[in-house]
Amino acid sequence: MSKVGSESNPLRVAIVGSGPAGFYTVSNFLKHTDLCVEMDMFERLPTPFGLVRAGVAPDHQKYKTVTRAYDKSAQHPSFRFFGNVEYGTDITLADLKEHYHQVMFATGAPSDRNLGIPGEDLIGSHSATDFVAWYNGHPDCTGFEFDLSQENVAVIGLGNVAIDVARILCKTDAELMTTDMADYALDALRASKVKNVYVLGRRGPAQAAFTPPEIKEMGELEDADVFVPVAEVTLDPASVAELEASGDKNVKKNVAVIEEFSQRTVHDKSRHLTIRFLVSPTELIGEDGKVTAIRIVKNEAYADDKGNVKARATDEEEIIPVGMVFRSVGYRGAPVAEIPFDDYNGTIRNIEGRITDDTDNALPGMYVAGWIKRGPTGVIGTNKTDAQETVNHMAEDARSGVVFEGAKSAEAIVALLKSRKLDVITYSDWNKIDQHEVSKGEASNRPRVKLTNIDEMLEVLSS
Ligand code: NAP
């Protein structure tokens, strides 16, 4: 048999997951022009793009334009999409090893971190990531319920997800009507009684994880005033020293925006968005099993022995009456069937994208990219360099013949999926679903009207 990666013996790669890390794997491989590669992408949903479709805020359409580049990769003759095929259920590791030379996992971080405080499981306490997936129409989450009849809501955390959730809760119907939010979520938010949204951060403005455009936007909402208590804005000496040492422009911008918010005196809009710093939740208080308030403790900032600014609790407590809480303290990766998992970090065990066993030995032919490789950090574009690192190792290994032996032909996997009677969605099927959604959106001046149910998607394809 000729060398793997030659025209007569193309390097056959399976990519599990169709979010940014999966698609950047494809575009990075196409740069290795000395290798003849065939890439098959497996996705458990009929629709591609992972969090770009189901995580990126529906009112931030400009971030979603990255899918144009993914479309371009998908047009390459060496690429195939197998949507509606779930790894671990419809297809196993043994199947992939039999049909491919290399397998890459780009399954993201589908779960969320816990707070570990009493009351976390009360009715009305939700993970922000569930709310995001719900309003974005993720088929797994359409049945979720959020009691938007509550007037007071807390969002815990100072990351971009917390900001997204708070902003969506504060936007008017007119603002939301221009989005591709799921129709049922638009209806629910139209009837929302939410008046006060509290975003609660455990450290100060100089340590906030949000980015400047996202926080700035909070001061530009049509019918919600932003309020920041002046006392929580003044930077402590440790933060001043940290900022001087780093000179981080984004942090400076964040701090300036927050300072400006704290100076605002006119508060005459219907909704009130309060951003608090140096406060930590210690308990969700409930009645009859439902959240009625959140107990917070005020923190003080201090520098640890490496100069990092941390927060520690004082003995000053406060209770804020709220009927719903969104915990937005980060995503978390979930174990992937038959793949070594680092439970502490919530990632697949790996060194620079090569999957390793418990003793750090690389498992030949097995790779990982994206959030399930490095943890849930960074913006969409961060996955480009992340995937590049892994793909460079994959190409290097392929050139030296470190691959699964005897990968079956491109047709064999199609025959296997057919034998399992799966409703496999191809990329051209997805294009039809996409066109259907976009044309439904045109009528109401929206980017698209999403199909949120897998049967509905299959129906569109069969009609
Ligand atoms: P994140 O950026 O990691 O933020 C998590 C926040 O939770 C931090 O403020 C963190 O505070 C806080 N936190 C953690 N544990 C806590 C605890 N026990 N009590 C109170 N607060 C706690 O996570 P994310 O917001 O889920 O975002 C995930 C990634 O997606 C990020 O890289 C984000 O930038 C990206 N994203 C980007 C956009 C965008 O570009 N528009 C939108 C959404 C998401 P500490 O800093 O003190 O740990």
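Note: hydrogens, waters and symmetry copies are ignored here, and every other heavy atom, side chains too, is used. We count ligands from 1, going down the list as the structure has it; atoms in each ligand are counted the same way.
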Participant: Ion pair present between Arg68 and Asp71, side-chain N to carboxylate O less than 4.0 angstrom?
Facilitator: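 Looking at Arg68 and Asp71, the cut-off is not met.
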Participant: Can you tell me if Gly201 has a non-hydrogen atom under 4.0 Å from ligand 1?
Facilitator: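 No, Gly201 has no heavy atom closer than 4.0 Å to ligand 1.
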Participant: At under 4.0 Å between heavy atoms, is it the side chain or the backbone of Asp164 that contacts ligand 1, or both, or neither?
Facilitator: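 Within the 4.0 Å criterion, Asp164 contacts ligand 1 through side-chain atoms alone.
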Participant: Tell me whether Tyr63 reaches ligand 1 (any heavy atom closer than 4.0 angstrom to a ligand atom).
Facilitator: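 The answer is yes: ligand 1 sits under 4.0 Å from a heavy atom of Tyr63.
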Participant: As a check for students: among Ile117, Leu115, Leu158, Asp112, identify the option with a heavy atom nearest to atom 9 (O) of ligand 1.
Facilitator: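 Result: the heavy atom closest to atom 9 (O) of ligand 1 is in Leu158.
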Participant: Which option out of Asn160, Thr211, Ile296 puts a heavy atom nearest to atom 38 (C) of ligand 1?
Facilitator: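 Checking each option, the heavy atom nearest atom 38 (C) of ligand 1 is found in Asn160.
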Participant: Checking the N or O distance criterion of under 3.5 Å, is ligand 1 in contact with Gly378?
Facilitator: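 Yes, since at least one N or O of Gly378 sits under 3.5 Å from an N or O of ligand 1.
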Participant: More than 12 heavy atoms of other residues, nucleotides or ligands under 6.0 Å from NZ of Lys31: is that the case?
Facilitator: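 Buried by this count: over 12 neighbours within 6.0 Å.
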Participant: Nearest protein heavy-atom contact for atom 2 (O) of ligand 1: which residue, which atom, what distance?
Facilitator: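 Protein heavy atom at minimum distance: Ala209 CB, 3.6 Å.
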Participant: If we ignore hydrogens and angles and just use 3.5 Å, is the side chain of Glu175 paired with the main-chain N or O of Thr172 as donor and acceptor?
Facilitator: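 At least one qualifying donor-acceptor pair exists.
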Participant: So among Lys440, Lys450, Arg446, which one has a side-chain hydrogen bond (donor to acceptor under 3.5 Å, both in side chains) with Asp183?
Facilitator: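 Per the side-chain hydrogen bond (donor to acceptor under 3.5 Å, both in side chains) rule, the option paired with Asp183 is Arg446, out of Lys440, Lys450, Arg446.
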Participant: I'd like to know whether CG of Asn445 has more than 12 heavy-atom contacts from other residues, nucleotides or ligands below 6.0 angstrom.
Facilitator: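 Check fails, neighbour count at 12 or below.
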Participant: Nearest to atom 22 (C) of ligand 1, what protein heavy atom do you find, and at what distance?
Facilitator: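 Its nearest protein heavy-atom neighbour is Val329 CG1, 3.3 Å.
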Participant: Could an N or O of ligand 1 be found under 3.5 Å from any N or O of Val161, whether backbone or side chain?
Facilitator: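 Yes.
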Participant: For atom 46 (O) of ligand 1, state whether the nearest protein heavy atom is under 4.0 Å away.
Facilitator: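 So far as the 4.0 Å threshold goes, atom 46 (O) of ligand 1 is in reach of a protein heavy atom.
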Participant: Keeping the roles fixed (side chain from Arg271, backbone from Val194), state whether a donor-acceptor pair exists under 3.5 Å.
Facilitator: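 Yes, Arg271 side chain to Val194 backbone: donor-acceptor pair under 3.5 Å.
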